[in-house]
Protein chains: 2
Amino acid sequence: MSKAHLKTSRWMHGKFKCCGYRMTKPREAILDVLAGTQKHLSAEDIYLAVLKFYPNTGLTTVYRNLEMFVNIGMIVKFDFGEGRSKYELADQYSEKGHHHHLVCKTCYKVIDYSDFMKDEIHFLRSIENGLSQKYNFRITDHLIRFLGICEKCGKK
Amino acid sequence: MSKAHLKTSRWMHGKFKCCGYRMTKPREAILDVLAGTQKHLSAEDIYLAVLKFYPNTGLTTVYRNLEMFVNIGMIVKFDFGEGRSKYELADQYSEKGHHHHLVCKTCYKVIDYSDFMKDEIHFLRSIENGLSQKYNFRITDHLIRFLGICEKCGKK
DNA sequence: CTCCATATTGGTAATGATTTCCATTAACAA
DNA sequence: TTGTTAATGGAAATCATTACCAATATGGAG
């Protein structure tokens, strides 16, 4: 966590200054929490983790900042179907790098994978061009996800 | 709508009998509503449309049946990030057939596309095999979606 | 065709995640 | 150090979705 902290602080300054945002303890803590885990955390998970550093943090503040981080592209928000969103550091700020998810429809377990990225690049290139022209749409992101039954749920 | 209705009724009987479900007016109406549109409807959209046929239908009933239809695979539930789910007839029951979505991050407009399905099949085949073996996961579905800014939002 | 067991319904009240409001506090440029 | 203004946090409000439960309707058995 401490290493993540140092790394985090570094980009924060740069990224924040140019966006006109201020650096605050809750913001720093939110990024630290996300940088210090491989898991997919909900807003409340993050709130509880942040509380350990800054005991007066409000849940509202966590939601507000998550939204802001998502807007400036530092955090990505996911919905895996559980009824609450999960958050991850964006690829370029994360040790994970570019990856996708394998989601169990039964228990909502999420497995990150980064296999087949070569095939993906090849697959996406032509499609993105084709679609953005045909539909007059500026594509900025893609979501590729596989759904099914995880090992544990498959045995029941 | 009437044509859709006839078509709907036909599969309902078969599908329902073998699952042990009963055929009811709300169920028929929900399928009819979805068969009669190309749009992505929310539970409330469907509820309001169903009310026109069966004025006493309850919103609870709509939610309950949507869940059931999703479970037996006749309807697919999507979350495009608006804060409420959208529903579509499953590919095999819909005139649309297999398709994916292009979603505007700003206004949540959704464009269906079914281009590049050949490339997709080729892309998915190896990946699904690889992932399911490596992660011991039975893949039943995939989600491919492109995100960005639609034409209208791009001009602002 | 009628009856019965039980699946299904629909209204209301709960739930739970996320937002709104607003008075107080803290960042940071000058 | 100070002033401007972004940011905070607590409580209350929203809003989609669920849980409950008494009343009703479906479809097979007789």
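Throughout, protein chains are lettered first and strands after them, A, B, ... in sequence-line order, and every chain is numbered starting at 1.
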*How about His100(B) and His142(B): are their ring centroids closer than 6.0 Å?*
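Yes - the distance between ring centres of His100(B) and His142(B) falls below the 6.0 Å cut-off.
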_Can you confirm whether or not the ring centre of His40(A) sits under 6.0 Å from the ring centre of Phe78(A)?_
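Between Phe78(A) and His40(A), which both carry aromatic rings, the centre distance is not below 6.0 Å.
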*With no angle test and no hydrogens, is the base of dT8(D) tied to the side chain of Thr60(A) by a donor-acceptor pair under 3.5 Å?*
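Between dT8(D) and Thr60(A), which were checked side chain against base, a qualifying N/O pair under 3.5 Å is absent.
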_For a quick check, tell me whether the side chain of Arg64(B) and the base of dG10(C) share a donor-acceptor pair closer than 3.5 Å._
yes
OP1 or OP2 of [N] under 4.0 Å from side-chain N/O of [X]:
X: Asn56(B); N: dT24(D); value: no
X: Tyr63(B); N: dT18(D); value: no
X: Arg22(A); N: dA26(C); value: no
X: Thr24(B); N: dA7(C); value: no

*Report which part of the nucleic acid Ser42(A) touches: base, sugar-phosphate, or nothing (heavy-atom distance under 4.0 Å, all strands).*
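Since no nucleic acid heavy atom lies under 4.0 Å of Ser42(A), the category is nothing.
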*asked:* side chain to side chain contact (heavy atoms under 4.5 Å, CB included) for Leu31(A) and Phe69(A)? Distances and angles first, verdict last.
replied: CA-CA 9 Å; Leu31(A) 292 174; Phe69(A) 283 128; 3.7 Å; yes
Would you kindly give the [atom1]-to-[atom2] distance between [X] and [N], to the nearest whole Å?
X: Met68(A); N: dA6(D); atom1: CE; atom2: C1'; value: 11 Å
X: Tyr54(A); N: dA7(D); atom1: OH; atom2: P; value: 17 Å
X: Glu28(A); N: dT8(D); atom1: CD; atom2: C1'; value: 16 Å
X: Glu67(B); N: dG10(C); atom1: CD; atom2: P; value: 17 Å
X: Leu66(A); N: dT18(C); atom1: CG; atom2: P; value: 9 Å
X: Asn65(B); N: dT17(D); atom1: CG; atom2: C1'; value: 15 Å
X: Phe69(B); N: dT8(C); atom1: CZ; atom2: C1'; value: 12 Å
X: Arg27(A); N: dT25(C); atom1: CZ; atom2: C1'; value: 14 Å

Mark yes when over 12 heavy atoms from residues, nucleotides or ligands other than [X] sit less than 6.0 Å from its [atom1]; otherwise mark no.
X: Lys152(B); atom1: NZ; result: no
X: His122(A); atom1: NE2; result: no
X: Lys105(A); atom1: NZ; result: yes

*asked:* Could you walk me through whether Asp112(A) and His101(A) satisfy the side chain to side chain contact (heavy atoms under 4.5 Å, CB included) test, starting with their C-alpha distance in whole Å, then the side-chain angles of each, then the deciding distance to 0.1 Å, before giving a yes or no?
replied: CA-CA 5 Å; Asp112(A) 294 318; His101(A) 302 118; 2.8 Å; yes
*Side chain proximity check, Phe53(A) to Glu28(A), heavy atoms < 4.5 angstrom*: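 No - every pair of side-chain heavy atoms lies 4.5 Å or more apart.
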*asked:* Let's see if you get this right: which residues in residues 77-88 of chain A place a heavy atom under 4.0 Å from DNA chain C?
replied: Gly83(A), Arg84(A), Ser85(A)
*Can you tell me if Asp45(A) uses its side chain to pair, donor with acceptor, with the backbone of Ser42(A) under 3.5 Å?*
yes
*Just report the end-to-end axis angle for the helix from dC1(C)-dG30(D) to dA30(C)-dT1(D), five pairs per end, to 10 degrees.*
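One end axis against the other gives 40°.
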*Check: Ser126(B)/Asn129(B) side-chain N/O donor and acceptor closer than 3.5 Å*: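 No, because no side-chain N or O of Ser126(B) sits under 3.5 Å from a partner of the opposite role on Asn129(B).
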